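Below, chain A is the first sequence line, B the second, and so on; all start at residue 1. Fair warning: this is a prediction, and the values are worked out from it, not measured in the lab.
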Number of protein chains: 2
Amino acid sequence: MPSRSSRLSDFLPYQMSVSTNAVSDLVAGKYRARFGLKIPEWRVMAVLGDAGALTQRDLVGATRMDKVAVNRACKMLEDRGLAARSPNDRDGRSHHLELTPAGKAMHAEIMPLALSMEQQLFSVLTAQERRDFKAVLARINEQVRKLERLAPQHAPERDN
Amino acid sequence: MPSRSSRLSDFLPYQMSVSTNAVSDLVAGKYRARFGLKIPEWRVMAVLGDAGALTQRDLVGATRMDKVAVNRACKMLEDRGLAARSPNDRDGRSHHLELTPAGKAMHAEIMPLALSMEQQLFSVLTAQERRDFKAVLARINEQVRKLERLAPQHAPERDN
DNA sequence: GCCAAATGGTTGCAACAGGAACCATTTTGT
DNA sequence: ACAAAATGGTTCCTGTTGCAACCATTTGGC
């Protein structure tokens, strides 16, 4: 019976971290085992499969990941023949990324698995609880952004 | 207006990850800026300050961190004179860790800051919503453990 | 009491993540 | 039209993390 009275375990950021890491590890494990994909790669595939051809910049916006992470994920998907780049005639610096047939096939396998995992994980919650939970997460996000604006840790932070 | 219809943004594990990372980064930034502590170090300090002398093994249980992470955090705290080890006469392999006076002083500064950050972050939630949120996190945790038991990714997992 | 197994802790190593610096191209200001 | 700034993408480097192997001590079986 560890840590009866420790306040750490009451600290909400800590609880969020513990739960989220548990979920992430579980999900990451399944994706790695079944498809050899890491989370960043999976996220890019999910977005590409559902939005069509995008630039890396678009992917940064859609996945909330660092542009370096996006770049690496894209390169990996390309190397494995799951995505392909075509030149962007409107801007010579970037390319359009799109799933190949192989990529689309994998995407078609991947999304149902995601749905079923989500179902299994959150089957302990009612539909209403799930909605509320999501809404709370969104509000927390908002609040973080607001606080960051007030106390800029790392320079005013342009939206690069 | 990025990613209108992308299902990734509806995926609950993704939303948890985004929100939690936002919170963690904010918290980590403040602790680093004010005290030069990283999250693992902060967690160890929080537990030691509130539970007294513990072994590293105890800390692993109380913080849910890897034993290597705990070890490194302890070493850092020791090097900075915030914690000290005393021999454990009941077991020659381990030591008791305890905050030094300097460590206690820092702990006394740290905890109010933690409380105030928690307050600021979650001021957008009512007390009831906070309770519900915590309860949901706990239930999700439970569910993850249950699923892990059913599909052991990485060997039956002894409780080391 | 002794050997084997288990346990607490430590170290080494390899994977990962994120920031800063960088190149190529495009946009802006004049 | 040109120089300066900005932008998309890429590479390099650094710090962090987590696992596996390891040492020392303790525990359990005989």
| message | Can a donor-acceptor pair be found, under 3.5 Å and without considering hydrogens, that links the side chain of B:T100 to the backbone of B:G81? | response | yes

| request: Spell out, as yes or no, whether a donor-acceptor pair under 3.5 Å connects the side chain of A:E78 to the backbone of A:K75. | output: no

| query | Can a side chain N or O of A:Q56 be found less than 4.0 Å away from OP1 or OP2 on D:dT7? | reply | no

| said: If you compare every side-chain N and O of A:K75 against the phosphate oxygens of D:dG9 (OP1, OP2), does one of them come in below 4.0 Å? | reply: no

| field | Pair A:R85-A:S94, side-chain donor/acceptor within less than 3.5 Å | value | no

| message | Can you tell me which nucleotide in D:dG9, C:dA17, C:dG9 comes closest to the side chain of B:S94? | response | C:dG9

| Nearest of C:dT10, D:dT25, C:dA17 to any side-chain atom of B:R85? | C:dT10

| Side chain of A:K67 - closest among D:dT25, C:dT10, D:dT10 | D:dT10

| request: Using whole Å, report how far CZ of B:R90 lies from P of D:dT25. | output: 18 Å

| request: Report the distance from atom CE of A:M65 to atom C1' of D:dG9, rounded to the nearest whole Å. | output: 15 Å

| Nearest-Å distance, CD (B:E41) to C1' (D:dT16)? | 11 Å

| query | For the side chain of A:T63 and the backbone of A:V44, is there at least one donor-acceptor N/O pair under 3.5 Å apart? | reply | no

| task | Rounded to the nearest angstrom, tell me the gap between atom CZ in B:R72 and atom P in C:dT10. | result | 12 Å

| task | Would you tell me if any nitrogen or oxygen in the side chain of B:N71 comes within less than 4.0 Å of OP1 or OP2 on C:dT10? | result | yes

| note | Per atom distances to the A:R32 side chain, the nearest of C:dA17, C:dT25, C:dC16 is C:dC16

| C:dG8 C1' sits how many Å from B:H95 NE2, rounded? | 9 Å

| query | How close or far is atom P of C:dA24 from atom CZ of A:R57, stated in whole angstroms? | reply | 22 Å

| said: Looking at B:T55, is its backbone amide N or carbonyl O close enough to the side chain of B:D58 to form a donor-acceptor pair, meaning the two atoms are under 3.5 Å apart? | reply: yes

| request: Provide, to the nearest angstrom, the distance between the CG atom belonging to B:L77 and the C1' atom belonging to C:dG9. | output: 16 Å

| query | In whole Å, what is the span from the CE atom of A:M76 to the P atom of D:dT10? | reply | 14 Å

| task | Classify the side chain of A:R93 and the base of C:dT26 as holding, or not holding, a donor-acceptor pair under 3.5 Å. | result | no

| query | Across the strands shown, which category fits A:D66 at heavy-atom distances under 4.0 angstrom: base, sugar-phosphate, nothing? | reply | sugar-phosphate

| task | Using the closest heavy atom to pick a nucleotide of DNA chain C for each, name whichever of A:D91 or B:T55 lands nearer the 5' end. | result | B:T55

